[in-house]
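Below: one structure, written as structure tokens.
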Amino acid sequence: MKKILSALLVVMIVLSLGACGSEPAAAPSETAPAADAAPSEEAPAEEPAAAPAQITIGASIRKYDDTYLTEQRNNMKIKGDELGVTIDFTDSKADQTTQNNNIDMYITKEYNALAINMQERSAADVVIEKAKNANIPVVFFNTEPFEEAMAMWDKVYYVGAKAEESGLMQGKAMVDYWNSHPEADKNGDGIVQYVIIMGEPGHQDAELRSEYCVKAMTDAGLQVEEVAKDTAMWDHVKGQDKMATFLAAHDNIEAVFCNNDDMALGAIEALKAQGYFTGDKYMPVFGVDATEPGKEAIIEGTMLATSLNDAKNQGFAVVQLCDLLAKGETPTSENLGYEMDGQYVWIPYVAVSKENVDQFS
């Protein structure tokens with residue numbers, strides 16, 4: 001009996017120990033947070049992206065009281081407003097020292113790009129050196145720097161027109177007039193006696209327009225004789241004074257070539273004072289730029305021809321170039337919208353006469 005009781009006691013002890021054993025822990029849920037995880041917090045909202053910095057262009061104009069440059073400046077302002085860039089224009093008053101001071105101010109203020117209409121093309125290398133040191137790209141216009149200066153840096157560009165084109169257009173217009181109007185040979189010697197009223201000495205437009213208007217005549221087989229040539233600094237009043245002087249000294253003038261419309265309009269005033277453009281007394285006068293007053297003179301018959309020096313597209317191209325360069329982009333014909341020739345953007349001239357002037361009004 002004792003043996004049976006002992007065996008039962010052993011069985012009971014074993015069963016008791018099995019019941020007290022710990023069960024295996026359940027596998028933690030994949031979605032349950034870890035025991036030591038920080039309390040859940042809402043993710044902070046993203047801050048709005050900062051607005052792009054305003055691009056500012058420093059634009060130095062050779063002189064404000066120039067009809068063509070005024071048209072170009074107005075078109076630069078239009079394009080600047082369209083692109084949302086600020087343009088700080090300054091008037092150099094035809095003084096290189098004043099222009100240098102204006103450019104220094106732009107550089108000190110760390111403007112994003114420079115648009116420079118040089119007073120003296122020979123001073124461009126100094127401007128380029130300063131801009132290069134400050135890493136501010138430069139776009140020159142209207143007054144073309146020398147090739148050596150343009151080669152100083154790859155962030156230098158020029159926007160303009162090839163001046164020889166406008167000179168050729170003047171000369172060809174004179175050839176057409178001479179060949180179709182026998183009365184143009186006032187003294188009957190078969191030679192075109194002409195005068196030239198030039199712009200600023202040393203300016204590429206003044207030099208090339210004066211050269212190529214003559215070249216167009218001689219290439220067409222005309223015999224020519226230069227009666228007089230002098231500068232009137234692109235100015236209307238000076239052009240009038242210079243023409244009055246020519247008329248007082250010479251009675252055989254048969255054509256007047258002027259490097260721009262302003263001087264041509266001045267020459268026309270001097271000719272009017274001598275009775276020209278009334279009755280049969282006529283003198284062919286040629287300008288360049290196709291400014292509004294110049295086109296009006298063509299319509300009234302006092303200016304025979306001019307050529308469109310496209311102030312609108314040149315002004316637009318200058319600002320667009322500055323904008324691209326300020327953003328660190330490399331200008332191409334595709335992103336600029338104008339044909340590029342290396343560091344140059346050439347906007348072609350268009351011959352303007354009474355036959356087509358209405359297309360440009």
Side-chain angles (χ1 to χ4, degrees), residues 164-199 206 208-230 232 239-291 293-308 349-358:
E164 57 268 31
E165 291 180 357
S166 56
L168 289 171
M169 289 174 182
Q170 286 185 331
K172 289 176 181 177
M174 183 60 198
V175 170
D176 291 342
Y177 179 76
W178 183 265
N179 289 336
S180 59
H181 291 79
E183 71 278 11
D185 187 7
K186 299 181 186 303
N187 56 14
D189 64 355
I191 301 171
V192 181
Q193 275 89 21
Y194 66 90
V195 297
I196 298 180
I197 301 179
M198 297 183 65
L208 292 172
R209 289 170 184 171
S210 300
E211 175 185 352
Y212 278 83
C213 68
V214 177
K215 186 177 188 303
M217 291 189 289
T218 56
D219 284 353
L222 298 188
Q223 296 185 59
V224 301
E225 177 187 349
E226 182 181 287
V227 175
K229 178 168 69 175
D230 207 344
Q240 182 174 350
D241 291 343
K242 196 60 59 181
M243 190 68 216
T245 300
F246 289 166
L247 290 169
H250 308 281
D251 62 1
N252 62 337
I253 301 171
E254 296 171 331
V256 182
F257 296 97
C258 301
N259 289 166
N260 74 344
D261 284 354
D262 274 2
M263 295 186 298
L265 293 168
I268 288 168
E269 291 302 315
L271 288 162
K272 284 181 177 179
Q274 296 297 318
Y276 284 87
F277 311 114
T278 58
D280 295 332
K281 196 171 184 181
Y282 180 78
M283 178 76 71
V285 178
F286 304 88
V288 177
D289 288 337
T291 61
K295 288 182 287 187
E296 290 171 8
I298 287 180
I299 292 170
E300 74 176 13
T302 54
M303 191 186 299
L304 183 62
T306 185
S307 52
L308 177 67
Y349 284 99
V350 181
V352 180
S353 65
K354 200 161 189 175
E355 285 69 30
N356 68 346
V357 66
D358 58 323

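Note that the numbering runs from 1 along the sequence shown for the chain.
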Distance-only criterion, 3.5 Å: show the donor-acceptor pairs between side-chain atoms of residues 246-254 and protein atoms not counting sequence neighbours.
unit_1 : atom_1 : unit_2 : atom_2 : d
E254   : OE1    : Q193   : N      : 3.0
E254   : OE2    : K186   : N      : 2.9

(request) Look up atom CE in M263 and atom CG in D241, then write down how far apart they are to the nearest 0.5 Å. (result) 13.0 Å
(message) Consider side chain to side chain contact (heavy atoms under 4.5 Å, CB included). Of V227, V256, V214, D230, which one does I196 pass it with?
(response) V214
(request) Taking the side chain as every heavy atom from C-beta outward, state whether T302 and L265 have any atom pair closer than 4.5 Å. (result) no
(message) Minimum heavy-atom separation for L304 and A173, please, with both atom names.
(response) CD2-O, 4.5 Å
(request) Tell me, with the steps shown, if K172 and M169 meet side chain to side chain contact (heavy atoms under 4.5 Å, CB included). (result) CA-CA 5 Å; K172 289 176 181 177; M169 289 174 182; 5.9 Å; no
(request) For the pair Q170 (side chain) and C258 (backbone), establish whether a donor and an acceptor sit closer than 3.5 Å, ignoring hydrogens and angles. (result) yes
(request) Look up atom CG in L271 and atom CD in Q240, then write down how far apart they are to the nearest 0.5 Å. (result) 10.0 Å
(message) Quick one: does any side-chain atom of D262 pair with a main-chain N or O of G239 as donor and acceptor, under 3.5 Å?
(response) no
(message) Looking at V288, is its backbone amide N or carbonyl O close enough to the side chain of D261 to form a donor-acceptor pair, meaning the two atoms are under 3.5 Å apart?
(response) yes
(request) Output the distance between atom NZ (K295) and atom CD (E300), rounded to the nearest 0.5 Å. (result) 14.5 Å
(request) Determine the minimum heavy-atom distance between A232 and I197, stating which atoms define it. (result) CB-CG2, 3.6 Å
(message) Show the nearest heavy-atom pair for residues M303 and A264, with the distance to one decimal.
(response) CE-CB, 3.8 Å
Check residues 273-286 and write down every donor-acceptor pair under 3.5 Å in which the side-chain atom is one partner and the other belongs to a residue at least two apart or another chain.
unit_1 : atom_1 : unit_2 : atom_2 : d
T278   : OG1    : G275   : O      : 2.7
K281   : NZ     : Q274   : O      : 2.8

(request) Supply the atom-to-atom distance K354 NZ to I298 CD1, rounded to the nearest 0.5 angstrom. (result) 10.0 Å
(message) Could you work out, with salt bridge (Lys or Arg N to Asp or Glu O under 4.0 Å) as the rule, every residue matching E226, not counting sequence neighbours?
(response) K229
(request) To the nearest 0.5 Å, tell me how far M243 CE sits from E269 CD. (result) 12.5 Å
(message) Assess the residue pair W178 and M217 against the criterion (side chain to side chain contact (heavy atoms under 4.5 Å, CB included)); give the C-alpha distance rounded to whole Å, side-chain angles, the decisive distance to 0.1 Å, and a yes or no.
(response) CA-CA 10 Å; W178 183 265; M217 291 189 289; over 6 Å; no
(message) Show the nearest heavy-atom pair for residues N259 and A206, with the distance to one decimal.
(response) OD1-CA, 3.2 Å
(message) I'd like to know if the side chain of D185 and the backbone of P182 have a donor-acceptor N/O pair within less than 3.5 Å.
(response) no
(request) Determine whether the side chains of T306 and D289 contain a donor N or O and an acceptor N or O closer than 3.5 Å. (result) no
(request) Start with the C-alpha gap between Y349 and L168, add the side-chain angles, then the distance that decides, and say whether side chain to side chain contact (heavy atoms under 4.5 Å, CB included) holds. (result) CA-CA 10 Å; Y349 284 99; L168 289 171; over 6 Å; no
